**Q** 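I am attaching a structure below and will ask some questions about it afterwards.
None of these values were measured; they are calculated from a predicted model. Chain identifiers are assigned alphabetically (A, B, ...) following the order of the sequence lines, protein sequences preceding nucleic acid strands; residue numbering begins at 1 within each chain.
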There are 2 protein chains.
Amino acid sequence: MSELLSPTYTRADEAFDCLQTAIVKGELAPGEKIGELELCSRFDLTRGPLREALGRLESRGLLVRRPHAGVKVVSVSASELMELYRIREVMEGLAARQAAERMTDQEIADLQATLDTHERMIDEAQGQAYYQAEGDYDFHHRIATGSRNTKLAQMLLGDLYYMVRMYRYRLSTSTGRPQRALGEHRRIVEAIAQRDGELAEFLMKRHINAARQNIEKKIQEGDISI
Amino acid sequence: MSELLSPTYTRADEAFDCLQTAIVKGELAPGEKIGELELCSRFDLTRGPLREALGRLESRGLLVRRPHAGVKVVSVSASELMELYRIREVMEGLAARQAAERMTDQEIADLQATLDTHERMIDEAQGQAYYQAEGDYDFHHRIATGSRNTKLAQMLLGDLYYMVRMYRYRLSTSTGRPQRALGEHRRIVEAIAQRDGELAEFLMKRHINAARQNIEKKIQEGDISI
DNA sequence: AGCGGTCATATTGTCAACAATATTGGCTAA
DNA sequence: TTAGCCAATATTGTTGACAATATGACCGCT
């Protein structure tokens, strides 16, 4: 995963990546109590690097540790998931505004090309929730990076997205409104291309708010459970 | 520090708290390259727990590690500090809005009493930048907690505030506008007391924006340097 | 029979020795 | 004289063993 970024890749990094993807993909179920030695044998690691990775993951809120009592994957309630979307709303709104001010023309062109790819993906693989979710993630990822706000991108990419993706995998459902979401994405990119930060922020906030309400409705209807 | 929260306090927790406060207080200067054994002797720790703490701190962005090349305290440029304030603006705006919706009457009363204390502090200890900064921190801390948004509070209290406080210590200067800030605090609490979330959000955003501009001006005037 | 306490066990926290790697200084050659 | 390379060194990464503690079962008491 990150072995491309850092020339030397330590076991602790390896442990961190393995555990993070395992948690996100739901291979380690939320609330599941899990022993260190079990994790070691499972991922072929030794306890030292593993514990370092556990510390990082705890600090990021993906799991909780109780001294001498083991570690368990964090389980987030429905209401807490909704709170995550409230945070995303304001933070990604800011990201969109700053992206409109700072992205290069090339980056914007790439972003538009990305949306074309997403459109084909939706047409071809109709209902393939997984790929839709990945496309959505790609879009938001690019805007976070494009904000040129290091800490903002770090918080979005390093904290929030992992928790949100964790629930995407668990629910194995995308927003369920792919073409509508794509349209919203297009309008956001349009605002960015016109360097209209204020509009980009407004549209992004509305986009995420709509996604939140969509999930909230599904939960209330009992379509999905957490 | 956290030994009150968790009944069992491990060496790793101790290491984490020690290092964090040392970084925040500037005892470990930004950019300073620092060896593990030196840290061990300095805080009377062994390398195991220390490394676990280093992993956590790296994950929170307070220091950076390069494999086999050591660890150094993160150094934030002036522009990055300004970016932090942009993030605070939107996140604390959200916190204020949710606090207005969710704080108990008791908490609001306590918050108002806190402001009275701050007022006395400003009168008595005129120009005592340190205590003013602590009062300011207390105010924002209570609102973050009052939002009842676990992740939001975690991100504010566990990430952003430490970085901001780090620069407060380094610059050893509060905003330099204590009574004006206090007035803004009062108006925010007023909005919260009236359960006007929208207004609370607006006022909080303006409050932080003003603080940012204030620092920006000082930097441009050369009053303070980073 | 239900509850509380105690003890064995398994798991986590901690430590110190070993291996691997980046840095730094000196040396050689152009 | 300077640039580049090489080796010695010190520092970090890793490992396995040891110590401390929470869990859970068993037994005695009420």
**Q** I want to confirm an ordering. Mapping B:Leu45 and A:Leu37 to their closest nucleotides on DNA chain C, which one lands closer to the 5' end?
**A**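 Result of the comparison: A:Leu37.
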**Q** Could you say whether A:Pro49 or A:Ala69 is positioned toward the 5' end of DNA chain D, judged by the nucleotide with the nearest heavy atom to each?
**A**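 Upstream on the strand: A:Pro49.
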**Q** Take B:Tyr9 and B:Asp17, measure what side chain to side chain donor-acceptor pair (under 3.5 Å) needs, and give me the verdict at the end.
**A** CA-CA 11 Å; B:Tyr9 187 62; B:Asp17 287 343; 2.7 Å; yes
**Q** When the distance from CD of A:Glu36 to P of C:dA10 is rounded to whole Å, what number comes out?
**A**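 To the nearest whole Å, that distance equals 17 Å.
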**Q** In whole angstrom, give the distance that lies between atom CD of B:Glu58 and atom C1' of D:dT12.
**A**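 One finds 13 Å between C1' of D:dT12 and CD of B:Glu58, rounded.
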**Q** Which residue, A:Ala12 or A:His68, contacts DNA chain D at a nucleotide closer to its 5' end, judged by nearest heavy atom?
**A**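 Checking each residue's closest nucleotide, the 5'-ward one belongs to A:Ala12.
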**Q** Between A:Arg51 and C:dG13, is there a side-chain N or O to OP1/OP2 distance below 4.0 Å?
**A**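 Looking at the OP1 and OP2 atoms of C:dG13, one of them is under 4.0 Å from a side-chain N or O of A:Arg51.
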**Q** Can you tell me how far P of D:dT23 sits from NZ of A:Lys33, to the nearest Å?
**A**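 Rounding to the nearest Å, NZ of A:Lys33 and P of D:dT23 are 8 Å apart.
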**Q** Just how far, in rounded Å, is C1' of D:dT12 from CD of B:Glu38?
**A**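 Between C1' of D:dT12 and CD of B:Glu38: 14 Å.
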**Q** Does C:dT23 have OP1 or OP2 sitting under 4.0 Å from an N or O in the side chain of B:Arg66?
**A**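 Indeed, a polar side-chain atom of B:Arg66 lies that close.
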**Q** Between B:His185 and B:His207, does the ring pair (Phe, Tyr, Trp, His ring centres under 6.0 Å) criterion hold? Intermediate values first, please.
**A** CA-CA 8 Å; B:His185 286 182; B:His207 169 59; 4.7 Å; yes
**Q** Would you say A:Arg66 has more than 12 foreign heavy atoms packed within less than 6.0 Å of its CZ?
**A**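 No, CZ of A:Arg66 has 12 or fewer neighbouring heavy atoms, counting only those of other groups under 6.0 Å.
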**Q** Nearest whole angstrom, please: distance from the P of D:dC18 to the CZ of B:Arg11.
**A**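 Rounded to the whole Å, the gap is 19 Å.
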**Q** Considering only NZ, NE, NH1 and NH2 on the basic side and carboxylate oxygens on the acidic side, decide whether B:Arg11 and B:Asp44 come within less than 4.0 Å.
**A**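 Answer for the salt bridge query: no.
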**Q** When the distance from CD of B:Glu52 to P of C:dT14 is rounded to whole Å, what number comes out?
**A**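 Nearest whole value for this atom pair: 8 Å.
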**Q** Determine the contact category for A:Gly48: base if any of its heavy atoms lies under 4.0 Å from a base atom, sugar-phosphate if only primed atoms, P, OP1 or OP2 are that close, otherwise nothing.
**A**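 Here A:Gly48 touches the bases of the nucleic acid.
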**Q** Can you tell me the distance, in whole Å, between the CG atom of A:Leu54 and the P atom of C:dT11?
**A**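 Computing the A:Leu54:CG to C:dT11:P distance gives 15 Å.
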**Q** Taking N and O atoms by type only, does the side chain of B:Arg47 place a donor or acceptor under 3.5 Å from a partner on the base of D:dG13?
**A**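 In this structure, the two groups form a donor-acceptor pair.
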**Q** In whole angstrom, give the distance that lies between atom CG of B:Leu50 and atom P of C:dT14.
**A**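 Result: 12 Å.
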**Q** Determine, for B:Tyr161 and B:Arg165, whether the Lys NZ or Arg CZ falls below 6.0 Å from the six-membered ring centre while staying within 45 degrees of the axis.
**A**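 Output no; distance or angle outside limits.
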